[in-house]
Student: 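A single structure is presented below for examination.
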Number of protein chains: 2
Amino acid sequence: MLRVDTIDHRIISCLVSNARSSYAEIGAAVGLSAPAVKRRVDRLLDTGVLQGFTAVVDPEALGWGTEAFVEVHCRGNVAPGEIKANLEPLPEVVAAYTVSGAADAIVHLRASDIHHLETALERLRSVEIIDRTVSTVVLSRLLERPPAPDQQA
Amino acid sequence: MLRVDTIDHRIISCLVSNARSSYAEIGAAVGLSAPAVKRRVDRLLDTGVLQGFTAVVDPEALGWGTEAFVEVHCRGNVAPGEIKANLEPLPEVVAAYTVSGAADAIVHLRASDIHHLETALERLRSVEIIDRTVSTVVLSRLLERPPAPDQQA
DNA sequence: ATTGAAATATTGCATAC
DNA sequence: GTATGCAATATTTCAAT
C-alpha cells in the first residue's frame, strides 16, 4: 500500500528542491510522462508520504528573527498527547518533541525579538503541566535543510 | 527594497499552506489578479523573503524515523562559519545553530534508525573542531509547523 | 487589470505488464 | 489489477497592452 520505489524517491527529491516544478519537468528528470508523474504524486499525497507543499520563508524578513530551544520538564508523568495539546495553542511554538534524558520535551520557539521571546517563555512556563524550563537562545542559524532523500543507513 | 505589506503577508501565508496553489487561487484569496500576484511572488523571491518552495515529506516513510538534538562543544574559540563548514558535509545534519549558554552549537540530526544515528554521532564527534557532544534522542515528534505569518510581538 | 498566445494540468482511453 | 503513454480538453502562466 505505501510502497515507495526509486522513481518515487526521485520525484520526491525534485519536489523537495522545488515544489513548484511542472510535472513535465519532473518527468524529464525521472524518465516518465507528465501524467504518470502526476498520478504518482497524487498517490504519494494520498498515502501521506508527501504531506504537502510549502514556501520557505526567511524568518528575519517576517519579523521572526529570534529563536530558542527550550527543555521542558513536566510535573509528574504526562502523556505525549497531553503535552502536544498544551503546546499547540502557543503560536511561537514551531516544533516540539518528547525526548530521552532528564527533560520531557524539547520545544523550538520563534519570536520577533528578545522581548517577544521572553513573553512566549512566560506563557510557556505558565502552562499547567509544565514544572520548569531551560532555555537556550539561538545566536545564529548555521544550517537548515530537508533530509537528503537518497540517504540510507 | 525589502518592504513586505499586508497583501504580501497573505500571499506568503497562502504559499506556506500550499506552495502549489495557482496565482489565480492566491489572487482570489487576497483580492488581486493572477498577474499581480505573480509579480509580487517574483519580487518576494528576488528580495529573498521567499527562499523557495519545498515538499513536506513524512520522514518515517522515507526511512528517517530517528532523530536527535546534539549540543556541540568546540575546542577553544571557533567562528560560526567554520562550524557551518564542518557540519555541511554531514548528510544527517538537517539543522544547526550557534547558541548562548555552555554549548557552542545545537545540531539537529536525522537518521534512519538508532544504528545509523550512532554512526552519524561518531562522524560528528570525529570532526576536528568538536571537543565533545551531548545527545538527546527524540522519542516522538509532537509538533512541527511553519511560523504563523501574521504574528507580531 | 485585461487580453491572448503558449505552457501546463488533468482526464479519458488504449495498451502493456 | 496496476502502471504507463498518448491525445484531447481545461486551466494556468506570462508577456503584451
Side-chain angles (χ1 to χ4, degrees), chain A residues 1-58 61-62 145-152, chain B residues 1-65 112 145-150:
Chain A
M1 184 201 174
L2 49 82
R3 161 129 197 80
V4 180
D5 66 14
T6 308
I7 295 178
D8 288 328
H9 276 96
R10 293 171 65 196
I11 291 174
I12 291 166
S13 183
C14 288
L15 286 168
V16 165
S17 62
N18 179 13
R20 284 182 78 85
S21 328
S22 73
Y23 293 126
E25 276 176 314
I26 301 167
V30 307
L32 240 54
S33 70
V37 172
K38 181 191 159 25
R39 276 160 196 144
R40 278 173 180 261
V41 172
D42 286 345
R43 184 174 55 75
L44 290 167
L45 285 166
D46 276 346
T47 56
V49 174
L50 282 174
Q51 301 183 333
F53 307 100
T54 190
V56 182
V57 183
D58 177 16
L62 265 78
R145 62 185 178 195
D150 52 349
Q151 168 94 15
Q152 282 310 326
Chain B
M1 182 201 176
L2 48 82
R3 162 134 192 77
V4 180
D5 66 14
T6 307
I7 295 179
D8 288 328
H9 276 94
R10 292 172 66 196
I11 291 174
I12 291 166
S13 183
C14 287
L15 285 168
V16 165
S17 62
N18 180 13
R20 285 183 77 85
S21 332
S22 72
Y23 295 127
E25 275 175 313
I26 301 166
V30 307
L32 240 54
S33 70
V37 173
K38 180 189 158 31
R39 276 205 313 267
R40 280 172 180 261
V41 171
D42 286 344
R43 184 174 55 76
L44 291 167
L45 285 167
D46 276 345
T47 55
V49 175
L50 282 174
Q51 302 183 334
F53 307 99
T54 189
V56 182
V57 183
D58 176 15
E60 311 281 344
L62 265 79
W64 289 93
S112 54
R145 62 185 178 194
D150 52 350

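Both backbone and side-chain heavy atoms feed into the values below; hydrogens, waters and symmetry mates do not.
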Student: Residues two or more places apart in sequence or in another chain: which of them pass side-chain contact (heavy atoms from CB on, under 4.5 Å) with A/V41?
Tutor: A/I11, A/L15, A/Y23, A/V37, A/L45, A/L50, A/F53

Student: Who are the salt bridge (Lys or Arg N to Asp or Glu O under 4.0 Å) partners of A/D46, not counting sequence neighbours?
Tutor: none

Student: Below 4.0 Å from chain B heavy atoms, what is the first contacting nucleotide of DNA chain D and what is the last?
Tutor: D/dT12 to D/dA15

Student: Which heavy atom of A/C14 sits nearest to which heavy atom of A/A29, and what is that distance?
Tutor: SG-CB, 3.9 Å

Student: Base, sugar-phosphate alone, or nothing: which one does B/A36 contact when heavy atoms must sit under 4.0 Å apart?
Tutor: sugar-phosphate

Student: How long is the straight-line distance from CG of A/L44 back to CG of B/D58, given to the nearest 0.5 Å?
Tutor: 11.0 Å

Student: Of all residues at least two apart in sequence or in a different chain, which pass the salt bridge (Lys or Arg N to Asp or Glu O under 4.0 Å) check with A/D42?
Tutor: A/K38

Student: Could you tell me if the side chain of A/R3 sits less than 4.5 Å from the side chain of A/T47, heavy atoms only?
Tutor: no

Student: side-chain contact (heavy atoms from CB on, under 4.5 Å) with B/P59: which residues, sequence neighbours excluded?
Tutor: B/W64, B/R110, B/R141

Student: With the threshold set at under 4.0 Å for non-hydrogen atoms, list the residues of residues 18-33 of chain A touching DNA chain D in residue-number order.
Tutor: A/R20, A/L32, A/S33

Student: Can you list everything that forms a side chain to side chain donor-acceptor pair (under 3.5 Å) with B/N18? Sequence neighbours excluded, please.
Tutor: none

Student: Is there a donor-acceptor pair closer than 3.5 Å between any side-chain N or O of A/R20 and the backbone N or O of B/S21?
Tutor: yes

Student: How bent is the helix from C/dA1-D/dT17 to C/dC17-D/dG1, measuring the angle between the end axes built from five pairs each, rounded to 10°?
Tutor: 30°

Student: Within the structure shown, what part of the strands sits under 4.0 Å from A/R40 by heavy-atom distance: base, sugar-phosphate, or nothing?
Tutor: sugar-phosphate

Student: Can you list every salt bridge (charged side-chain N to carboxylate O under 4.0 Å, His left out) pair that touches residues 22-31 of chain A, not counting sequence neighbours?
Tutor: none

Student: To the closest 0.5 Å, what do you measure between CD1 (B/I12) and CG (A/L62)?
Tutor: 5.0 Å

Student: Got a sec, which residues hit salt bridge (Lys or Arg N to Asp or Glu O under 4.0 Å) with B/R40, two or more places apart in sequence or on another chain?
Tutor: B/D5, B/D8

Student: With a 4.0 angstrom cut-off to heavy atoms of chain A, pull out the first and last contacting nucleotide of DNA chain C, in 5'-to-3' order.
Tutor: C/dT8 to C/dC13

Student: My understanding is that only residues two or more places apart in sequence, or in another chain, count here; which of them pass side-chain contact (heavy atoms from CB on, under 4.5 Å) with B/R39?
Tutor: B/A36

